[in-house]
Amino acid sequence: MIALIDCNNFYASCERVFNPRLRHKAVIVLSNNDGCVVARSNEAKALGIGMGVPVFKVKDIIERNGVEVLSSNYALYGDMSQRVMQTIATLVPDMEVYSIDEAFLDLSNFKLHDVEKLAHEIRQRVWQWVGISISIGIAPTKTLAKLANHLAKKNTKYNGVCWLKDRNKIDEILQTFPVGEVWGIGRQMTAKCNSFGINTAYQLTQKGDAWIRGNFTIVGLRTVQELRGIACIELQQNFVAKQSICTSRSFGKMISDFDPLAEAVTNFAVRCAEKLRQQKSVANNITVFINTNRFRNDLPQHSQSVVITMPVASSSSQEIVNYAIKALKSIYKNNYQYKKAGVIVSGIVEESSVQTSLFDDVDREKQSKLMKTIDLLNHKMGKDTVYISRQKSDKIEWKNRRDKLSPSYTTRWDDLIEAKASEEITPYNRIKKSEND
DNA sequence: TCTGGGGTCCTAGGACCC
DNA sequence: TCTGGGGTCCTAGGACCC
């Protein structure tokens with residue numbers, strides 16, 4: 001038995017925990033650069049604000065209904081996510097944290113008659129300890145647990161917990177479940193299914209394996225098997241190092257000059273190097289890409305990327321920055337307005353298994369000590385306390401827009417909430433006051 | 001005016017080998 | 001006229017996820 005826990009309207013819910021004024025109101029949270037809508041409270045969904053739409057397209061709805069608009073505050077959401085996960089782990093330790101707001105649980109160690117009670121206990125505890133409401137789907141496979149979760153979220157009759165107990169119940173549900181809502185079936189596969197007259201999840205499960213494989217590859221077949229109750233996607237409980245790491249941003253405004261572009265790329269490269277060191281990895285390849293604004297048909301377009309393979313795999317900020325700048329120089333062109341850039345490190349291996357080069361002229365021992373010291377300082381004293389000079393100039397042209405950022409309530413001392421008790425409302429004062437009167 | 005960021009996995013096809 | 005058969009490895013690009 002597998003459970004999928006998913007936080008309801010996660011980013012919007014996080015904002016509400018510390019700002020009660022937002023409760024019972026339509027709230028939306030925007031993507032980086034205040035570009036698109038990435039989270040909506042139920043009230044905002046009801047107003048017809050779609051997921052992923054650019055804000056400027058729903059400006060009317062926002063103004064007419066007084067929708068509360070917030071920039072995304074990842075420091076807050078990341079910390080709240082950890083609290084949710086830690087709370088769940090107090091009841092079920094066998095857990096895979098699947099995304100910032102989702103976790104799969106292995107319930108095979110629990111007795112069947114305890115499952116429903118356990119699920120409600122998890123909901124209650126997360127709500128009480130963290131202030132976030134969650135939905136829980138329970139089923140024999142990950143894909144079915146996802147589906148159950150979907151139902152738990154959509155139908156209030158489930159009271160937040162949907163358990164697909166047996167095959168009959170599962171089939172009954174699948175017969176009305178749109179095939180496109182199934183986890184792993186995206187836009188392309190949905191269109192193809194529909195063109196074959198397959199509209200429900202059940203219809204898909206009735207097709208032959210060979211047919212499914214032929215049309216939807218092994219990936220599609222796995223999804224169908226999971227719908228049939230045969231587990232093909234295992235719970236991943238151990239830490240797995242990433243195979244590629246990307247840091248990229250759209251800019252607050254477009255950039256033409258090389259220097260500010262290089263400043264941005266330097267920062268992205270430093271972040272990639274930090275993420276590498278965090279997971280004790282080194283990378284062999286560095287990709288740098290730059291894009292002009294693809295929505296501006298009136299401007300000349302230039303999008304290009306280039307991969308550089310380093311002589312020796314590395315996680316040194318200095319080294320990765322040097323190669324990234326070299327890469328940028330090779331693709332940068334004058335007279336274009338760039339909107340976005342990014343750095344990807346790939347060909348990732350454990351730092352303990354580095355293949356050295358006979359002609360290596362870098363003192364790796366020294367670099368490694370330097371990076372450890374920098375990481376320590378930056379962790380203790382704040383991000384970029386020690387930085388590479390190219391990371392910061394007086395110009396900050398490439399920075400993001402985050403106009404509606406909420407405080408980092410849980411991760412910055414300066415942003416801690418102050419609670420003030422009014423004289424009028426405390427019970428103690430009320431008694432004192434009446435005594436005086 | 002304004003349009004996110006970060007991942008994984010799979011396949012097809014080319015390059016190369018004998 | 002007619003041009004083998006069987007592999008491996010790598011990469012770009014597509015599809016999917018949150």
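Labels below follow one simple rule: chain letters A, B, ... track the order of the sequence lines, proteins then strands, and each chain is numbered from 1. These numbers were taken from a predicted model, which means no experiment stands behind them.
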**Q** With a 3.5 Å distance limit and no angle check, can you tell me whether Asn33(A) reaches the backbone of Arg402(A) through a side-chain donor-acceptor pair?
**A**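 Here the side-chain-to-backbone pair does not exist.
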**Q** Got a list of side-chain donor-acceptor pairs under 3.5 Å for residues 208-215 of chain A, not counting sequence neighbours?
**A**
| from | atom 1 | to | atom 2 | distance (Å) |
| --- | --- | --- | --- | --- |
| Asp209(A) | OD1 | Arg228(A) | NH1 | 2.8 |
| Asn215(A) | ND2 | Trp211(A) | O | 3.1 |

**Q** With Thr411(A), which residues qualify under side-chain hydrogen bond (donor to acceptor under 3.5 Å, both in side chains), at least two apart?
**A**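 By the side-chain hydrogen bond (donor to acceptor under 3.5 Å, both in side chains) rule, Thr411(A) matches no residue at all.
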**Q** Distance only, no hydrogens: is a donor on one side chain within 3.5 Å (strictly under) of an acceptor on the other, for Glu15(A) and Tyr77(A)?
**A**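 Yes, a side-chain donor-acceptor pair sits under 3.5 Å.
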**Q** Taking all atoms of both residues into account, what is the closest heavy-atom pair of Arg390(A) and Ile325(A), and its distance?
**A**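 Shortest heavy-atom separation between Arg390(A) and Ile325(A) comes out as NH1-CG2, 3.7 Å.
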**Q** Side-chain N or O of Ser248(A) less than 4.0 angstrom from OP1 or OP2 on dG4(B)?
**A**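 It does not, given that no N or O in the side chain of Ser248(A) lies less than 4.0 Å from OP1 or OP2 of dG4(B).
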**Q** His150(A) NE2 to dC18(C) P: how many Å, rounded?
**A**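 In whole Å, dC18(C) P and His150(A) NE2 are 11 Å from each other.
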**Q** Within residues 215-223 of chain A, find the residues that approach DNA chain B with a heavy atom at under 4.0 Å, and present them sorted by residue number.
**A**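 Close to the strand are Thr217(A), Ile218(A), Val219(A), Arg222(A).
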**Q** Work out which heavy atom in Val179(A) is nearest to a heavy atom in Ile198(A); give both atom names and the distance.
**A**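 Scanning both residues completely, I find the closest heavy atoms to be CG1-O, 3.8 Å.
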**Q** In residues 332-350 of chain A, which ones come under 4.0 Å of DNA chain B, going by heavy atoms?
**A**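 Of all residues in residues 332-350 of chain A, the ones placing a heavy atom under 4.0 Å from DNA chain B are Lys339(A), Lys340(A).
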**Q** In terms of side-chain heavy atoms, does Glu351(A) have a donor or acceptor partner in Ser281(A) at a distance below 3.5 Å?
**A**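 Per modelled atom types, Glu351(A) and Ser281(A) side chains form no pair under 3.5 Å.
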**Q** Just the atom pairs and distances: protein N or O near nucleotides 13-16 of chain C's N or O, under 3.5 Å.
**A**
| from | atom 1 | to | atom 2 | distance (Å) |
| --- | --- | --- | --- | --- |
| dC16(C) | OP1 | Gly186(A) | N | 3.2 |
| dC16(C) | OP1 | Gly186(A) | O | 3.4 |
| dC16(C) | OP1 | Gln188(A) | N | 3.3 |
| dC16(C) | OP1 | Met189(A) | N | 2.8 |
| dC16(C) | OP2 | Arg187(A) | N | 3.4 |
| dC16(C) | OP2 | Gln188(A) | N | 3.2 |

**Q** Among pairs that include at least one residue of residues 264-291 of chain A, which meet salt bridge (charged side-chain N to carboxylate O under 4.0 Å, His left out), considering only residues two or more places apart or in two chains?
**A**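 Every salt bridge (charged side-chain N to carboxylate O under 4.0 Å, His left out) pair that includes a residue of residues 264-291 of chain A, provided the two are not neighbours, is Arg271(A)-Glu274(A), Arg271(A)-Asp384(A), Arg277(A)-Asp375(A).
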**Q** Would you tell me whether Ser41(A) and Asn9(A) have side-chain atoms, one donor and one acceptor, within less than 3.5 Å of each other?
**A**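 No, because no side-chain N or O of Ser41(A) sits under 3.5 Å from a partner of the opposite role on Asn9(A).
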**Q** What does Ile245(A) touch in the nucleic acid at a heavy-atom separation under 4.0 angstrom: a base, only the sugar-phosphate, or nothing?
**A**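 Touches sugar-phosphate only.
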**Q** Looking only at the side chains, is there a donor atom on one of Ser303(A) and Arg294(A) sitting less than 3.5 Å from an acceptor on the other?
**A**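 Their side chains do not contain a donor-acceptor pair, so the 3.5 Å distance test is not met.
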**Q** Hey, can you pull the residues of residues 55-83 of chain A with a non-hydrogen atom under 4.0 angstrom from DNA chain B?
**A**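 By residue number: Phe56(A), Lys59(A).
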**Q** Tyr387(A) ring centre to Lys392(A) NZ or CZ under 6.0 Å, with the angle to the axis within 45°?
**A**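 Here Lys392(A) passes the 6.0 Å and 45° test against Tyr387(A).
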**Q** Can you name the residues that form a side chain to side chain contact (heavy atoms under 4.5 Å, CB included) with Ser346(A), not counting sequence neighbours?
**A**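 Side chain to side chain contact (heavy atoms under 4.5 Å, CB included) check on Ser346(A) returns Ser244(A), Asn285(A).
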**Q** Which one of Glu96(A), Glu102(A), Glu226(A) satisfies the salt bridge (charged side-chain N to carboxylate O under 4.0 Å, His left out) criterion with Lys142(A)?
**A**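 Testing Lys142(A) for a salt bridge (charged side-chain N to carboxylate O under 4.0 Å, His left out) against Glu96(A), Glu102(A), Glu226(A) leaves exactly one candidate, Glu96(A).
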**Q** Indicate whether any N or O donor in one side chain lies under 3.5 Å from an N or O acceptor in the other, for Glu319(A) and Ser314(A).
**A**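 Yes, because at least one side-chain N or O of Glu319(A) sits under 3.5 Å from a partner of the opposite role on Ser314(A).
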**Q** Report each atom pair, protein N/O against N/O of nucleotides 8-12 of chain C, whose distance is under 3.5 angstrom.
**A**
none

**Q** Can the ring centroids of Phe258(A) and Tyr338(A) be said to lie less than 6.0 angstrom from one another?
**A**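 No, ring centres 6.0 Å or more apart.
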**Q** Looking across every strand, which nucleic acid part, if any, lies under 4.0 Å from Lys142(A) by heavy atom: base, sugar-phosphate, or nothing?
**A**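 Lys142(A): no heavy atom of the nucleic acid under 4.0 Å.
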**Q** For Asn8(A) and Ser135(A), which I'm curious about, is there any donor-acceptor pair between the side chains at under 3.5 Å?
**A**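 Short answer, yes.
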**Q** Tell me the stems DNA chain B sits in, counting at least three consecutive Watson-Crick or G-U wobble pairs, each under 3.5 Å on both distances.
**A**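 When the pairs of DNA chain B are grouped into runs of at least three, the stems are B:5-18 with C:5-18.
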**Q** Just how far, in rounded Å, is C1' of dT3(B) from CD of Gln301(A)?
**A**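 The answer, rounded to whole Å, is 13 Å.
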**Q** Rounded to whole Å, please give me the gap between CD in Gln279(A) and C1' in dG6(B).
**A**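 In whole Å, dG6(B) C1' and Gln279(A) CD are 13 Å from each other.
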**Q** dT1(B), OP1 or OP2 - any side-chain N/O from Arg401(A) closer than 4.0 Å?
**A**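 Looking at the OP1 and OP2 atoms of dT1(B), neither is under 4.0 Å from any side-chain N or O of Arg401(A).
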**Q** Using salt bridge (charged side-chain N to carboxylate O under 4.0 Å, His left out) as the criterion, list what pairs up with Lys242(A), not counting sequence neighbours.
**A**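 Partners of Lys242(A) by the salt bridge (charged side-chain N to carboxylate O under 4.0 Å, His left out) criterion come out as none, since no residue qualifies.
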**Q** Can I get a per-line list of side-chain donor-acceptor pairs under 3.5 Å for residues 23-30 of chain A, giving both atom names and the distance, sequence neighbours left out?
**A**
| from | atom 1 | to | atom 2 | distance (Å) |
| --- | --- | --- | --- | --- |
| Arg23(A) | NE | Arg16(A) | O | 3.3 |
| Arg23(A) | NH2 | Arg16(A) | O | 3.3 |
| Arg23(A) | NH2 | Val17(A) | O | 3.2 |
| Lys25(A) | NZ | Glu68(A) | OE2 | 2.8 |

**Q** Checking all strands, does Arg296(A) fall into the base, sugar-phosphate, or nothing category for heavy-atom contacts under 4.0 angstrom?
**A**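 Since only primed, P, OP1 and OP2 atoms lie under 4.0 Å of Arg296(A), the category is sugar-phosphate.
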**Q** Under 4.0 Å, heavy atoms only, any strand: does Asp34(A) hit a base, just the sugar-phosphate, or nothing?
**A**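 Answer is nothing: Asp34(A) stays at 4.0 Å or more from every strand.
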**Q** Closer than 4.0 angstrom, basic N to acidic O: yes or no for Lys153(A) and Asp6(A)?
**A**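 Answer for the salt bridge query: yes.
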